[in-house]
Amino acid sequence: MTKYIKKIIPKNNIELFSCIFLLYFIIVRFAYITSYSIDIAGIEFALIFQQQFIEKYNMFYPNPDSFPYFISFYPPLYPYIIKVFIEMKQFDFFNDMHEILVLGRELSFLIYFIIIIFLFRFFKLLKIEIKYPYLFIVLFSLLLTQHFFAFRPDSFKLLFFVIFMYYITKYELDIQARMSLHLAIFFAMISTMFKHDVAIYFILYFIVHLLTFRNVKVIKIAIYYLTIVCFIFALFTFVNGEIFLKNIFYYNIQYSSQTSQKLIGIFINIFRLSPLILVCMLNFKSENKWIRFIAFYAFTSFIISSIFLLRVGSNLNYTYESVLLLLLNSILYFHNKSYKKIIWILPYLSILVFLHHTLNYKLFDFGKDMHSEKIEYYQNLETSKQLKSIIKKDVVFFPNGKFIIFNSELNILFGYDLHLDRFTDLYLNIPISSNLYKNDAVKSYDNLFEQGYVKYIVIENEPRSLHEMSVFYPNFKYYTKCNQFLIYRYLPSI
């Protein structure tokens, strides 16, 4: 016990400062877990009404091109696991949304610590002694965005990516080679079943490995991985039909019409990772072929993640794999380097802290906003009861989709991705549109409003919502007010 305590005690001033900051970081993250906000990052409420949809309609993958025009973007592993936990906890899918959000955030928070443990196991495998472990954890933590700690599958995906790297490296080092290879492919498959965009990084690993070592054996490993993944996706397609592929591929492969905004996001990512990228380039000249391989793998992963940022709805959560690999490169480069060469990281950490707006926000206003979020949450719950008595079984549409989770027992029309610019204009104050939604579903969707299939539209009493009503829904007239909402009813002009 005494030996373990000695290991975790900071050994110098840098480690002491890092430990104190890490404690603050954890406290802030814990505060966000309990927040009554329905979206601390990554449109969390979308994952909530996915759970509500599964419970209500008893299906994971509906036809996204027909009523209610709901899209499930992810493979089924994350929603299924969350559903199991919700049922274990005996939460009500339609009334205990805060409890469900806290559950999802707690799981992400727990995974944060598991990843750190696996990273140090990985370094031990490579026989690398981390001289400043708390400093490394702080750097890793600051490069994770709020998405990681939210009610989302990103943390699960990253965890199994890290475990893949651990076991595939054990295989490379010929440590229990056969078992390590099978475990590496197994965890790569699990990671892919949480968020399938990670498959690109596994395929990239095999490609860069082949180009670096010229060992055709890696082609067999790639085929092994791809065969398992294709088999599982084929199985899901057999069970759910072609609509499975349409949900997770067609409506995911989209690029933003707001190219300039996406380029700003790419620039921010380059800026925050620039020191790590420079170190990565230094490793290109390493005499150690494996270090060169990791350097090229990290750099190409960074390029791929930058391309991902052009996608509609993408954020810095698409860069986590490249962040980890760039960090690994830095560890490999600075291993056994002097104290003076390590000290450069301190101003870099200061910049990352400044960029980490969620930490700064809580630093200056820790409780006031959380209190207002709680009031708004319960106000929405109370309003939902009144809306039920007005709308009853008629079809209703909420232009600002964040209110759906409070009213999911109503007969709701979704379809936000068909006119993404309208939703993002209300929710993000930025009209972001996709250049791929030019299909027949848009026409049939619009007909629901024009022909009166949708009876009610519920909006906030604010200028953007009122403008959208007058421009896009002229057949709906003001009907009544319900607390903070205005209710419009289908009433075409004669």
J.: To the nearest 0.5 Å, what is the distance between CG on Asn240 and CG on Asn63?
T.: 12.0 Å
J.: For the residue pair Tyr427 and Phe423, does the interplanar ring angle fall in the parallel (under 30°), tilted (30 to 60°) or perpendicular (over 60°) class?
T.: parallel
J.: Looking at every non-hydrogen atom in both residues, tell me the closest pair between Thr34 and Val102 and how far apart they are.
T.: CA-CG2, 4.3 Å
J.: Please say whether more than 12 non-hydrogen atoms of neighbouring residues, nucleotides or ligands are located less than 6.0 Å from CG in Asn429.
T.: yes
J.: Is any side-chain N of the basic residue among Asp39 and Lys402 closer than 4.0 Å to the acidic one's carboxylate O?
T.: no
J.: For the residue pair Ser305 / Glu321, report whether a side-chain donor-acceptor contact shorter than 3.5 Å exists.
T.: no
J.: Quick one: does Ser180's side chain have a donor or acceptor within less than 3.5 Å of a partner on Ile168's backbone?
T.: no
J.: Measuring from Glu87:CD to Lys89:NZ, what's the distance to the nearest 0.5 Å?
T.: 14.0 Å
J.: Is there a ring pair (Phe, Tyr, Trp, His ring centres under 6.0 Å) between Phe397 and Tyr416 once you walk through the steps?
T.: CA-CA 10 Å; Phe397 177 66; Tyr416 295 100; 5.5 Å; yes
J.: Looking at Tyr318, does the NZ or CZ of Lys195 lie under 6.0 angstrom from its six-membered ring centre and within 45 degrees of the ring axis?
T.: yes
J.: Just to verify, which of Phe94, Phe49, Tyr377 counts as forming a ring-ring contact (aromatic ring centres under 6.0 Å, His included) with Phe406?
T.: Tyr377
J.: Using 30° and 60° as the class limits, which term best fits the ring planes of Phe160 and Phe194: parallel, tilted or perpendicular?
T.: parallel
J.: Report yes or no: does Asn247 contribute a side-chain atom to a donor-acceptor pair with the main-chain N or O of Pro64 at less than 3.5 Å?
T.: no
J.: Quick one: does any side-chain atom of Thr169 pair with a main-chain N or O of Met165 as donor and acceptor, under 3.5 Å?
T.: yes
J.: Students often mix this up, so state it plainly: with edges at 30° and 60°, are the rings of Phe120 and Phe123 parallel, tilted or perpendicular?
T.: perpendicular
J.: Roughly how far apart are Asn380 CG and Tyr36 OH, rounded to 0.5 Å?
T.: 13.5 Å
J.: Between Phe85 and Phe91, does a ring pair (Phe, Tyr, Trp, His ring centres under 6.0 Å) hold up when you go through it step by step?
T.: CA-CA 9 Å; Phe85 271 102; Phe91 292 148; over 10 Å; no
J.: With under 30° as parallel and over 60° as perpendicular, where do the rings of Phe109 and Phe149 fit, or are they tilted in between?
T.: tilted
J.: Would you please classify the geometry between the His196 ring and the Phe249 ring as parallel, tilted or perpendicular, with 30° and 60° separating the classes?
T.: perpendicular
J.: Tell me yes or no: between the side chains of Tyr225 and Thr192, is some donor less than 3.5 Å from an acceptor?
T.: yes
J.: Would the distance check show the side chain of Glu242 and the main-chain N or O of Thr237 forming a donor-acceptor pair, the cut-off being under 3.5 Å?
T.: no
J.: Does a sphere of radius 6.0 Å around CZ in Phe113 hold more than 12 heavy atoms from other residues, nucleotides or ligands, not counting ones at 6.0 Å or beyond?
T.: yes
J.: Measure the CG-CG distance between Leu144 and Leu158 for me, rounded to the nearest 0.5 Å.
T.: 7.0 Å
J.: To the nearest 0.5 Å, what is the distance between CE on Met59 and CZ on Phe70?
T.: 11.0 Å
J.: In terms of side-chain heavy atoms, does Tyr224 have a donor or acceptor partner in His182 at a distance below 3.5 Å?
T.: yes
J.: Looking only at side chains, do Tyr297 and Thr212 share a donor and an acceptor under 3.5 Å apart?
T.: no
J.: For the residue pair Tyr78 and Phe151, categorise the inter-ring angle as parallel (less than 30°), tilted (30 to 60°) or perpendicular (more than 60°).
T.: tilted
J.: Taking atom CE as the centre, does Met281 end up with more than 12 heavy-atom neighbours from other residues, nucleotides or ligands that are less than 6.0 angstrom away?
T.: yes
